[in-house]
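This report concerns only the one structure given below.
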Amino acid sequence: MAEQARIIDGKAAAAALRAQIGQEIAAIKAATGLVPGLHVVLVGEDPASRVYVNSKEKLAAEIGMNSAVHRLPAETSEAELLAKVAALNADDSVDGILVQLPLPPQIDADRVIDAIDPAKDVDGFHLVNVGRLASGRATLIPCTPLGSMLLLKQLLPSLAGLEAVVIGRSAIVGKPMAQLLLQADCTVTIAHSRTKDLPGVVRRADLVVAAVGRPLFVKGDWIKPGATVIDVGINRLPDGRLVGDVDFAEAVAVAGAITPVPGGVGPMTIACLLRNTLTAFHARRGDGARA
Ligand code: NDP
């Protein structure tokens, strides 16, 4: 019988990262009296967003980071949200601003993201931060790709020369993930809904990142034996179970290492949001070298 893949414990890695950030916050506070501050803006009542935001608030508090959630009603206008963002931009105690997506239909998300001070854009979605990442001068990197990279780097001493296939080309996950892998010297293919022979493309990969948004989409026989699989997907099945974009039961028998869902990339995403807030704190104070 084939050996089982190593299961990458994102929960433990995220806890370790949060503990490290917590220690750094305590040291900053002792030395300067300052505490990094994360502000999340939540518009409306989207249940999944509410869960994410509560979790961000709780984990920030646990590590001693200042955090606030600004809850605005679903009928908030774009002008009102832009005014809230402007107020947070102007507030020096605010290091990180995150506007939880999705936003209600009357609000143009791009316009709101463009309005966030790039130095406080802890999601890394502002055009300035997108450009910085593309040109290899990133400060604030989108949290999910950053978390995925941290897991990969813990697992593999070097990614240089590996064939990496990223399935999905969103601005939030697929594209920044591909850029990070390229910067780590992988040979990168970005696959998407128009890719021909996706199973054949994935079979070439030493490293697969699935960010598709389709439950159990990537099958075990698409995976090259021994490959590393990072499953970004979070999908809820009709029976209530949370599953990834990869058919874990099949892939675990073929891969060399694989992230589970839940307990893989998800916890790292939030830990990286906290890390980005600390990075923004240092960078805003001209202390970018430590970030
Ligand atoms: P998007 O819907 O923005 O992007 C999905 C991508 O998958 C698109 O590029 C799309 O291609 C591609 N795709 C869709 N169908 C196929 C197909 N049949 N074959 C190949 N490619 C396909 O999703 P996101 O990037 O925002 O998120 C992806 C997944 O990651 C979701 O499950 C989401 O819930 C999860 N997620 C998890 C996070 C975490 O913390 N773990 C954070 C963010 C997202 P095309 O561009 O051609 O349409």
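Indexing begins at 1, ligand by ligand and atom by atom, following the structure's order.
Because its NZ or CZ atom is not both nearer than 6.0 Å to the ring centre of Tyr52 and within 45° of the ring axis, Arg50 does not count as a cation-pi partner of that residue.
The residue from Val112, Val40, Leu72, Leu42 that alone fulfils the side-chain contact (heavy atoms from CB on, under 4.5 Å) condition with Val99 is Val112.
For the pair Thr195 and ligand 1, no heavy-atom separation below 4.0 Å is found. Distances from ligand 1 to the non-hydrogen atoms of Ala191 include no value under 4.0 Å.
Looking at Glu80 and Lys84, no side-chain N of the basic residue comes within less than 4.0 Å of a carboxylate O on the acidic one, giving no salt bridge. Taking the charged nitrogens against the carboxylate oxygens, Arg284 and Asp92 do have a contact shorter than 4.0 Å, which makes a salt bridge. Between Lys120 and Asp95 there is no salt bridge, since none of the side-chain N atoms of the basic residue sits less than 4.0 Å from a carboxylate O of the acidic one. Ion pair Arg241/Asp239 flagged as a salt bridge, since at least one NZ, NE, NH1 or NH2 atom sits closer than 4.0 Å to an Asp/Glu carboxylate oxygen.
Residue Val265 approaches ligand 1 through these ligand atoms, each under 4.0 Å from one of its heavy atoms: 41 (N). Set against the non-hydrogen atoms of Phe217, the atoms of ligand 1 under 4.0 Å away are 17 (C), 18 (N), 19 (N). Atoms of ligand 1 lying under 4.0 Å from at least one heavy atom of Gly213, given by number and element, are 28 (C), 29 (C), 31 (C), 32 (O). Taking a cut-off of under 4.0 Å to the non-hydrogen atoms of Asn235, the atoms of ligand 1 that pass are 32 (O).
At a heavy-atom cutoff of 4.0 Å, ligand 1 is contacted by both the backbone and the side chain of Ile234.
Among all non-hydrogen protein atoms, the one lying nearest atom 12 (C) of ligand 1 is Gly168 CA, 4.0 Å. When only non-hydrogen protein atoms are considered, atom 2 (O) of ligand 1 lies nearest to Val212 O, 4.4 Å. The closest protein non-hydrogen atom to atom 21 (N) of ligand 1 is His192 C, 3.1 Å. Atom 40 (O) of ligand 1 has its closest protein heavy atom at Thr269 OG1, 2.8 Å. The single protein non-hydrogen atom nearest to atom 8 (C) of ligand 1 is Arg169 N, 3.9 Å, given as residue, atom name and distance. Scanning all protein heavy atoms for the shortest distance to atom 11 (O) of ligand 1 gives Ser193 N, 3.2 Å. Protein heavy atom at the shortest distance from atom 42 (C) of ligand 1 is Thr144 OG1, 3.1 Å.
Of all heavy-atom pairs spanning Val173 and Ala211, the tightest one is CG1-CB, 3.6 Å.
For His70 and Gln100, the side-chain atoms include no donor-acceptor pair closer than 3.5 Å.
Under the 4.5 Å side-chain heavy-atom criterion for ILVMFWY residues, a single connected hydrophobic cluster contains both Phe125 and Ile270.
Closest heavy-atom approach to atom 35 (C) of ligand 1 within the set Asp245, Val232, Val173: this belongs to Val232. Of the listed options Met268, Arg236, Arg214, Arg214 places a heavy atom closest to atom 15 (N) of ligand 1. The heavy atom nearest to atom 6 (C) of ligand 1, out of those in Gly244, Ala211, Pro267, Cys272, is found in Ala211.
Looking at Ser170 next to ligand 1, an N or O pair under 3.5 Å apart turns up.
Under the 4.5 Å side-chain criterion, counting only non-hydrogen atoms from C-beta, Met149 is in contact with Leu181.
One N or O on the side chain of Asn276 and one on the backbone of Ile141 form a donor-acceptor pair closer than 3.5 Å.
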